[in-house]
Amino acid sequence: MPGDNPHARPGAAESVETPADESSTKLEKTFDPAHFEERWYSIWEAEGRFQPVGPPGSPRFVMVIPPPNVTGRLHIGHAFGRTLEDILARWKRMLGYRVLWVPGTDHAGIATQMVIERELAKEGIDKLELGRERFVERVWVWKRDAKDTIQSQIRRLGCSLDWTRERFTLDPELSAAVRHAFVRLYEEGLIYRGRYVVNWCPRCGTAVSDLEVVHKDVDGSLYRIRYDVPGVPSGAVVATTRPETMLGDTALAIHPDDPRTAKFQGKTAVLPIIGRELPVIEDPILVDREFGTGIVKVTPAHDANDFASGRRHGLEEVVVIGPDGRMTAEAGEYAGLDRFEARKGIVKRLQSENRLVGIDPHRHSLGHCQRCDTVIEPYLSTQWFVKIRPLADPAIRAVEAGEVRFVPELWTKTYFEWMRNIHDWCISRQLWWGHRIPAFTCANGHLTVAEEDLIACPTCGSIELTQDPDVLDTWFSSQLWPFSVFGWPKETDDYRGFYPTDVLVTGYDILFFWVARMIMAGIHFTGSAPFSTVHLHGLVRLAGEKMSKTRGNVIDPLVAISEFGADALRFTYASSATSGTTVTLDRDRLAGSRNFATKLWNAARFTLGQLEGKPRAESFEGRTLTLPDRWILSRLSRTAGDVNRHLAAFRFDEAAQALYGFLWHELCDGYLEMAKHILSGREGDDGAREVTRGVLHRCLADSLALLHPFMPFLTEEIWEKLTGRPGTLIVSPYPTGDPALEDPRAEAAVETLRALVTRVRNFRGERRVSPTEPVHLWIEPDPGDAEAAEDLRVLEPMLRHLARLSDLTFGPPAALGERDVVAGVPVGLALPAAASEADRARMAKTLAQLEKEADELSAKLRNPGFLDRAPADVVEKTRRRLQEVEERRAALGSAARQ
RNA sequence: GGGGGGUUAGCUCAGCGGUAGAGCGCCUGCUUUACACGCAGGAAGUCGCAGGUUCGAGACCUGCACCCCCCACCA
């Protein structure tokens, strides 16, 4: 978007210098990315290109990286997102912005802890024996390696991150930010501690938030169990999918208005096996009259609904399943048994007591741990929570007001849906790796939440203090990332200079986990949304592979880079980045991008060879440009405009396609072939050749600049040979298009030329003769269009050359050939050999198609509705189309009749 | 139970009111002095189904079918 360019100047790359040392203009014959990729990265970094430069007031563009987990290495999904970000960063940098892109990593509590636990298990070390301190030390060692690996992967990708500002969520400054945020929310009453039923993972041994529970439909059983009710001989039949929890039942519930169960009102039931007396309570919220028997067993300690009902009715909360998933002492004879074993035992016992009325197959949704897939247990425990509504409402308003915008837009609705139905957030985790909760309890039971570690209890002065052993949910620190990286809550220069950021690029899978929470935290703590645009990209999957979870998409970006080159991987990512929700990556695409890189390389070799040691036009001012020159410069300018427009809309795929099409099909297939003709000396003079070389230079320079954000290494490598200014492409102006170069007349003329050439080639193909077989072409430009006719005259030598014509005649086609109309120009084509029966048949077929189309078009033009209501230009276009079809019919018809 | 997305050439996907596009694959020719990771030409689509709106519909509306994703405290 040209208007967006702070130092826009047309003719971006025009003023580059001729290299001083001619020997340096040679490119290696074979293209090997490994030769130069790492070298350029070092040069850019050493020259400080990744750091924001320019006066503080000048336009800036800031992003923070979504910090990868330090669990191991980067996968193809991360590399995808980082590539898109780097394209934006390099594009904006070349447009003259002060670009800052902040790198860093996330400690990733549960995920990282699990990795280390697995390692320890392999070594036969017991975590508990090792102890918290030594365990955490061990994770830090792991973290250093993982961070290095991740950093080197990101570097290999070419990402222009400012490594001098690298952050880690457990850095002292960022930990201080976490404590500050926690204390502030606590003091504001937005963090509270309480005993509630939470999602508990027995394997991880920690509470998790609602978002960390993955619901899956499973085929289970619905057990119908009869409880004795004194006074009601039939007893009460309840249905449950989890019979083991019945040991924790403390009531039965019925709906007050359900006549079926009215007889239980005020009664007391007896819990089988245990013998506990269960009051029958009436709870219209808990009991759905439509479902099952209308009687619900109430287990306040093991079901969130039952818990709420229990609190409403003051029921006892009996925990029968412990944090390890085994039955507690409250479970009597089942104590110590695994929850699923206990279920089997209980069912058996009920059966033997004739209390099991039935077992029905029942498909229902079951929560699983996001990390380890263990069945989540609702578990009553004391945890810390964020009261979310007061944070969510302003975050909703910010998006409504357009302060934050989602691209693609469809995510806006998803965001609203979630935010409007959001629940309080359980933030405490019973883990060792993470930010310790800054809450301290003294010997006298006084709880204090404080930013600094306490020496004595502020309430009673006791010096016997224990800090809460729990850590915070990783996302609690991640939500602060866009400002904690800049030193918040301190008013640092970076915080003042670079916050809020501009764009956040991430996968839609963490919209709720991370993006929404950052918006809430940003607004609450800093008063502004942390970014103005969120680009949510699709999730990467490999071709042929289903979306399945633990398939572990094992394609390491580094493997792809070593095989195809970083530029090819990046270009593949860009061209695959459609607006859909999945991005498919496959080897054929990678190979295609590699081929494209090679194409550019070879086009550059050719161009550099032509320029070497020969004069070229430094400027086109006052020089006579040929139609092909004007055409390619016009196309170049339009391409630049298109690319900028597509990037501004986050349409990386369209931008990549525009560049691909221009470079390959117009510059290489079109202009280079025409330039060869001029440069060979067969047409034009020395001046024309100078101009051609100037145009070639300009096209290559601008192509390199336009492609640089996508393929930074290769373009910088060629740029050095072209300009003799190594490592400067990254900070060269980005072409935005030059309206002065746009030339519809030249475009039309060359399009006609190319169409004629194609028609001749295709004629040879149809007649099955070699491309060198002499062909005589007649063309009869419309005298009514003087400009077009004149341009065709001018292009005659080019037409002869490209179509390898033996003869070219301007005038009515001779009667012996085949006739057609190409781009509005009547033509005749003839070979020495006469047309065969097969040729006539083919022509007849084409003729039939044309007749059909002519009928349709004329029917349309006879339709009054169309003539009255369709816009004039559409009607006119239809008329012209009909005219052309009729002309072709006439031409072909006359030839076919011969 | 709610919400969202998809269904276009063999494959992967663009297009989103004016009678279909790309890349890859496929077929046929090519040592055309940058490139076989190439050049030239070509074949290939009832745009999921049925209605409707419109002069005109892959494109807008309404149903339907089948796929996918997200959210959800249905014992």
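So that the names make sense, note that chain A is the first sequence line, chain B the second, and so on, each numbered from 1.
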- [ ] Kindly point out which of B/A75, B/A34, B/G3 is positioned nearest to the side chain of A/His364?
- [x] B/A75
Task: Closest listed nucleotide, where the reference is the side chain of A/Lys297 and the choices are B/C13, B/A75, B/G41 - done: B/A75
Open item on the list: Closest-nucleotide mapping onto RNA chain B: is A/Lys860 or A/Lys413 further toward the 5' terminus? I mean the 5' end.
Closed with: A/Lys413
Open item on the list: Within 90° of 0 counts as syn, otherwise anti: where does B/G58 fall?
Closed with: syn
Open item on the list: Please classify the nucleic acid contact of A/Tyr660 as base, sugar-phosphate, or nothing, using heavy-atom distances under 4.0 Å.
Closed with: sugar-phosphate
Task: A/Val296, nearest nucleotide to its side chain (from B/G4, B/A14, B/A75) - done: B/A75
Close N/O contacts between protein and nucleotides 31-33 of chain B (under 3.5 Å):
| unit_1 | atom_1 | unit_2 | atom_2 | d |
| --- | --- | --- | --- | --- |
| B/U32 | O4' | A/Arg804 | NH2 | 3.1 |

Task: Atom-pair distance (CG on A/Leu857; P on B/G56), nearest Å - done: 16 Å
Task: 5'-to-3' dot-bracket of RNA chain B (Watson-Crick, G-U; under 3.5 angstrom; crossing pairs as [ ]; | other strand) - done: ((((((((.[[[[.)..(..]]]].(((((.......))))).....[[[[[..)....]]]]])))))))....
Task: For A/Gln883, side-chain hydrogen bond (donor to acceptor under 3.5 Å, both in side chains) partners two or more places apart - done: A/Glu887
Task: Salt-bridge criterion met for A/Glu377 and A/Arg242 (N-O under 4.0 Å) - done: yes
- [ ] Counting heavy atoms from C-beta on, name the nucleotide in B/U19, B/A14, B/G23 closest to the side chain of A/Glu654.
- [x] B/A14
TODO: Name all residues meeting the salt bridge (Lys or Arg N to Asp or Glu O under 4.0 Å) criterion together with A/Arg880; count only those two or more places apart in sequence or in a different chain, and write none if there are none.
DONE: A/Glu876
Mind listing the N/O atom pairs, protein and nucleotides 70-74 of chain B, below 3.5 Å?
| unit_1 | atom_1 | unit_2 | atom_2 | d |
| --- | --- | --- | --- | --- |
| B/C73 | O2' | A/Asn305 | ND2 | 2.1 |
| B/C73 | O2 | A/Asn305 | OD1 | 2.1 |
| B/C73 | O2 | A/Asn305 | ND2 | 3.1 |

TODO: Calculate the interatomic distance between A/Arg881 atom CZ and B/A20 atom C1'; express it in whole Å.
DONE: 13 Å
Open item on the list: With a cut-off of less than 4.0 Å, is there a side-chain N or O of A/His302 near OP1 or OP2 of B/A75?
Closed with: no
TODO: Identify whether any heavy atom of A/Leu286 sits under 4.0 Å from a base atom; if not, whether one sits that close to sugar-phosphate; answer base, sugar-phosphate or nothing.
DONE: base
TODO: Tell me which nucleotide among B/G4, B/A34, B/U12 gets nearest to the side chain of A/Arg589.
DONE: B/U12
TODO: Describe the nucleic acid contact of A/Gln610 in one word from base, sugar-phosphate, nothing, applying a heavy-atom distance below 4.0 Å.
DONE: nothing
Open item on the list: Does atom CZ (A/Arg768) have a neighbourhood of more than 12 heavy atoms from anything else shown, all under 6.0 Å?
Closed with: no
TODO: Find the distance A/Asp669:CG to B/A34:C1' and express it as a whole number of Å.
DONE: 12 Å
- [ ] Look at the side chain of A/Arg768 and decide which nucleotide, out of B/G42, B/U28, B/G15, has an atom nearest to it.
- [x] B/U28
Open item on the list: Using the side-chain heavy atoms of A/Lys599, tell me which of these nucleotides is nearest: B/A75, B/G18, B/G38.
Closed with: B/G38
Polar atom pairs (N or O), protein with nucleotides 57-62 of chain B, under 3.5 Å:
none

Open item on the list: I need the CG-C1' distance between A/Asn863 and B/U19, as an integer number of Å.
Closed with: 14 Å
- [ ] Starting at atom CZ of A/Arg651, determine the distance to atom P of B/C13, rounded to an integer number of angstrom.
- [x] 14 Å
TODO: Compare the minimum distances between each of B/U12, B/G15, B/C35 and the side chain of A/Thr584, then state the nucleotide with the smallest one.
DONE: B/U12
Task: Residues, nucleotides or ligands: over 12 heavy atoms within 6.0 Å of A/Lys877 NZ - done: no
Task: Nucleotide nearest A/Val287 (side chain, heavy atoms from C-beta), chosen from B/A75, B/U19, B/G15 - done: B/A75
TODO: Hey, could you give me each pair passing salt bridge (Lys or Arg N to Asp or Glu O under 4.0 Å) that has a residue in residues 294-307 of chain A? Not counting sequence neighbours.
DONE: A/Asp249-A/Lys297
Open item on the list: List the residues meeting side-chain hydrogen bond (donor to acceptor under 3.5 Å, both in side chains) with A/Arg879, not counting sequence neighbours, and say none if there are none.
Closed with: none
Open item on the list: Salt bridge check, A/Arg594 against A/Glu563: does any charged N sit closer than 4.0 Å to a carboxylate O?
Closed with: no
Open item on the list: What contact category does A/Pro871 fall into here, base, sugar-phosphate, or nothing, at under 4.0 angstrom with non-hydrogen atoms?
Closed with: base
Task: Given B/A34, B/G18, B/C24, the nucleotide with the shortest approach to the side chain of A/Asn602 - done: B/A34
Open item on the list: Which heavy atom of A/Leu315 sits nearest to which heavy atom of A/Val298, and what is that distance?
Closed with: CD1-CG1, 3.7 Å
Open item on the list: I'd like to know if A/Glu773 and A/Arg767 make a salt bridge, using a cut-off of under 4.0 Å between side-chain N and carboxylate O.
Closed with: no
Open item on the list: Under the ring pair (Phe, Tyr, Trp, His ring centres under 6.0 Å) definition, can you give me all pairs with a residue in residues 572-591 of chain A, not counting sequence neighbours?
Closed with: A/Phe80-A/Tyr573
- [ ] Let me know the distance between CZ of A/Phe31 and C1' of B/A36, rounded to the nearest Å.
- [x] 17 Å
TODO: Check every strand shown and say whether A/Gly294 touches a base, only sugar-phosphate, or nothing at a heavy-atom separation below 4.0 Å.
DONE: base
TODO: Would you indicate, yes or no, if B/C35 has its OP1 or OP2 atom less than 4.0 angstrom from a side-chain nitrogen or oxygen of A/Thr598?
DONE: no
TODO: Pick the P atom in B/U33 and in B/C39, then give their distance to the nearest Å.
DONE: 14 Å
- [ ] Just jot down the salt bridge (Lys or Arg N to Asp or Glu O under 4.0 Å) partners of A/Asp219, sequence neighbours excluded, or say none.
- [x] A/Arg363
TODO: May I ask you to check whether A/Tyr379 and A/Trp200 place their ring centres under 6.0 Å from each other?
DONE: yes
Open item on the list: Side-chain N or O of A/Asn762 versus OP1/OP2 of B/A40: is the shortest distance under 4.0 Å?
Closed with: no
Task: A/Thr758 side-chain N/O to B/G41 phosphate OP1/OP2 under 4.0 Å - done: yes
TODO: Output yes when A/Lys852 and A/Asp855 qualify as a salt bridge under the 4.0 Å nitrogen-oxygen rule, no when they do not.
DONE: no
Open item on the list: Using the salt bridge (Lys or Arg N to Asp or Glu O under 4.0 Å) criterion, which residues pair with A/Arg804? Sequence neighbours excluded.
Closed with: none
TODO: Salt-bridge test for A/Glu766 and A/Arg761: reply yes if a basic N is under 4.0 Å from a carboxylate O, no otherwise.
DONE: no
- [ ] Give A/His646 one of three labels, base, sugar-phosphate or nothing, depending on what nucleic acid heavy atoms sit under 4.0 Å from its own.
- [x] nothing
Open item on the list: Students often get this wrong, so: under 4.0 angstrom with heavy atoms, is A/Leu867 touching a base, only sugar-phosphate, or nothing?
Closed with: nothing
Task: P atoms of B/A43 and B/U28, separation to the nearest Å - done: 15 Å
TODO: For A/Arg343, check salt bridge (Lys or Arg N to Asp or Glu O under 4.0 Å) against everything at least two apart and list the hits.
DONE: A/Glu244
TODO: Give a yes or no on whether a donor-acceptor pair under 3.5 Å exists between the nucleobase atoms of B/C37, that is its base, and the side chain of A/Arg594.
DONE: yes
- [ ] Report the distance from atom CZ of A/Arg605 to atom C1' of B/C37, rounded to the nearest whole Å.
- [x] 13 Å
Open item on the list: What is the separation between atom NZ on A/Lys877 and atom P on B/G17, rounded to the nearest whole Å?
Closed with: 14 Å
Task: Same-atom distance (P) from B/U8 to B/G4, integer angstrom - done: 22 Å
